Amino acid sequence: QVQLVESGGGLVQAGGSLRLSCAASGRTFSSYHMGWFRQAPGKEREFVAAISWSGGSTYYADSVKGRFTISRDNAKNTVYLQMHSLKPEDTAVYYCAAGGGSIASSTYDYWGWGAQVTVSS
């Protein structure tokens, strides 16, 4: 079992920045690929970013490429999502997940409870 807890969400103006953290406990964190997903009201959950178990490979949705950066610190069992140039359309609940590392949510085994990010215009 892996338990995931997100933090760092909040309210920010358009153009601002936030950093989300996801702290993991349980089985070996460093053996899992990690991903961030988000779900806006009335919409399906969508892929945001993923990072390989070593941190050597990263992947981004086109909508966030160049603005968001995913990273991990295996010594701290934590994965991060640094978000810059935020837009109102980035408003969503953000979830971290452990598992497959692909863009498909079905490949992930463990999920956090989510962190609300609200971007005001």
Side-chain angles (χ1 to χ4, degrees):
Q1 287 286 340
V2 175
Q3 292 79 43
L4 303 171
V5 179
E6 300 94 338
S7 61
L11 173 64
V12 64
Q13 288 188 332
S17 300
L18 279 176
R19 188 177 79 157
L20 299 180
S21 299
C22 174
S25 61
R27 297 182 62 183
T28 307
F29 170 76
S30 60
S31 66
Y32 287 94
H33 303 308
M34 298 296 295
W36 285 96
F37 290 76
R38 66 186 182 186
Q39 188 166 17
K43 295 187 177 181
E44 293 187 353
R45 189 172 297 187
E46 65 173 1
F47 169 78
V48 175
I51 188 167
S52 62
W53 65 270
S54 67
S57 297
T58 56
Y59 311 89
Y60 297 94
D62 288 343
S63 59
V64 306
K65 201 171 293 182
R67 300 188 298 121
F68 291 10
T69 301
I70 188 171
S71 61
R72 66 189 297 163
D73 186 336
N74 286 343
K76 295 183 178 179
N77 283 6
T78 302
V79 63
Y80 305 97
L81 186 68
Q82 179 68 57
M83 303 182 290
H84 294 299
S85 302
L86 283 161
K87 305 175 181 180
E89 51 263 44
D90 294 319
T91 295
V93 177
Y94 284 71
Y95 300 89
C96 71
S102 78
I103 66 172
S105 61
S106 60
T107 63
Y108 292 81
D109 301 310
Y110 304 101
W111 291 83
W113 288 101
Q116 177 69 48
V117 171
T118 303
V119 184
S120 62
S121 57

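These numbers were taken from a predicted model, which means no experiment stands behind them. Residue numbers start at 1 and run along the sequence shown.
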A.B. asks: Taking the side chain as C-beta and beyond, is there a heavy-atom pair between T107 and H33 under 4.5 Å?
C.D. replies: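 No, too far: nothing below the 4.5 Å cut-off.
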A.B. asks: If we only count heavy atoms from C-beta on, is the F37 to I103 side-chain gap below 4.5 Å?
C.D. replies: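 SC-SC contact between F37 and I103 ruled out.
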A.B. asks: Is M83 reachable from V12 through a run of I, L, V, M, F, W or Y residues, each pair having side-chain heavy atoms under 4.5 Å apart?
C.D. replies: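 Yes.
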A.B. asks: Can you tell which of I51, I70, D73, L20 makes a side chain to side chain contact (heavy atoms under 4.5 Å, CB included) with Y80?
C.D. replies: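 Only one of I51, I70, D73, L20 forms a side chain to side chain contact (heavy atoms under 4.5 Å, CB included) with Y80, namely D73.
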A.B. asks: Distance from S105 atom OG to E46 atom CD, nearest 0.5 Å?
C.D. replies: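 These two atoms lie 11.0 Å from each other.
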A.B. asks: Got a second to check how far S30's OG is from N77's CG, nearest 0.5 Å?
C.D. replies: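 Atom-to-atom, S30:OG and N77:CG are 7.5 Å apart.
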A.B. asks: Going by the side chain to side chain contact (heavy atoms under 4.5 Å, CB included) test, name the single residue among Q1, M34, Q3 that passes it with Y110.
C.D. replies: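 Result for side chain to side chain contact (heavy atoms under 4.5 Å, CB included) with Y110: Q1.
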A.B. asks: Would you confirm whether D90, through its side chain, and A14, through its main-chain N or O, come within 3.5 Å as a donor-acceptor pair?
C.D. replies: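 The answer is no, because no donor-acceptor pair under 3.5 Å joins these two groups.
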A.B. asks: Between atom OG of S85 and atom NZ of K87, what is the distance when rounded to the nearest 0.5 Å?
C.D. replies: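 Reported to 0.5 Å precision, the distance equals 8.0 Å.
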A.B. asks: Counting N and O atoms only, with roles assigned by atom type, does the side chain of H84 sit under 3.5 Å from a partner on the main chain of R67, one being a donor and the other an acceptor?
C.D. replies: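 Judged by distance alone, no pair lies under 3.5 Å.
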A.B. asks: Taking the side chain as every heavy atom from C-beta outward, state whether W36 and V79 have any pair of such atoms under 4.5 Å apart.
C.D. replies: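 Yes. Closest side-chain heavy atoms under 4.5 Å.
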A.B. asks: With a 6.0 Å cut-off on ring centres, are Y59 and F47 close enough?
C.D. replies: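 Between Y59 and F47, the centre distance exceeds or equals 6.0 Å.
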A.B. asks: Counting only heavy atoms not in W53, do more than 12 sit closer than 6.0 Å to its CH2 atom?
C.D. replies: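 Incorrect, the count does not exceed 12.
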A.B. asks: For G55, does its backbone N or O pair with a side-chain atom of R72 as donor and acceptor, under 3.5 Å?
C.D. replies: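 No, R72 side chain to G55 backbone: no donor-acceptor pair under 3.5 Å.
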A.B. asks: Report yes if some heavy atom in the side chain of V2 is under 4.5 Å from a heavy atom in the side chain of F29; otherwise report no.
C.D. replies: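 Answer no - side chains too far apart.
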A.B. asks: Closest heavy-atom contact between A98 and L4?
C.D. replies: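 In this case the closest contact between A98 and L4 is N-CD1, 3.8 Å.
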A.B. asks: Do E6 and Y94 come close enough that some side-chain heavy atom pair is under 4.5 Å?
C.D. replies: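 No; the side chains remain at least 4.5 Å from each other.
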A.B. asks: For the pair T78 (side chain) and K76 (backbone), establish whether a donor and an acceptor sit closer than 3.5 Å, ignoring hydrogens and angles.
C.D. replies: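 Yes, because the side chain of T78 sits within donor-acceptor range (under 3.5 Å) of the backbone of K76.
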A.B. asks: Short question: side chain of Y108, backbone of S102 - any donor-acceptor pair under 3.5 Å?
C.D. replies: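 Here the side-chain-to-backbone pair exists.
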A.B. asks: CZ of R45 to CZ of R38: how many Å apart, nearest 0.5 Å?
C.D. replies: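 Answer for the CZ-CZ pair, R45 versus R38, is 13.0 Å.
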A.B. asks: Using a 3.5 Å cut-off and no angle test, enumerate the donor-acceptor pairs between side-chain atoms of residues 112-121 and protein atoms at least two apart in sequence or in another chain.
C.D. replies:
residue: Q116; atom: NE2; partner: A92; partner atom: O; Å: 3.4
residue: Q116; atom: NE2; partner: T118; partner atom: OG1; Å: 3.3

A.B. asks: When clusters are formed by joining ILVMFWY residues with side-chain heavy atoms under 4.5 Å apart, either directly or through shared neighbours, do L86 and Y60 land in the same one?
C.D. replies: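 Yes; Y60 is reachable from L86 via cluster members.
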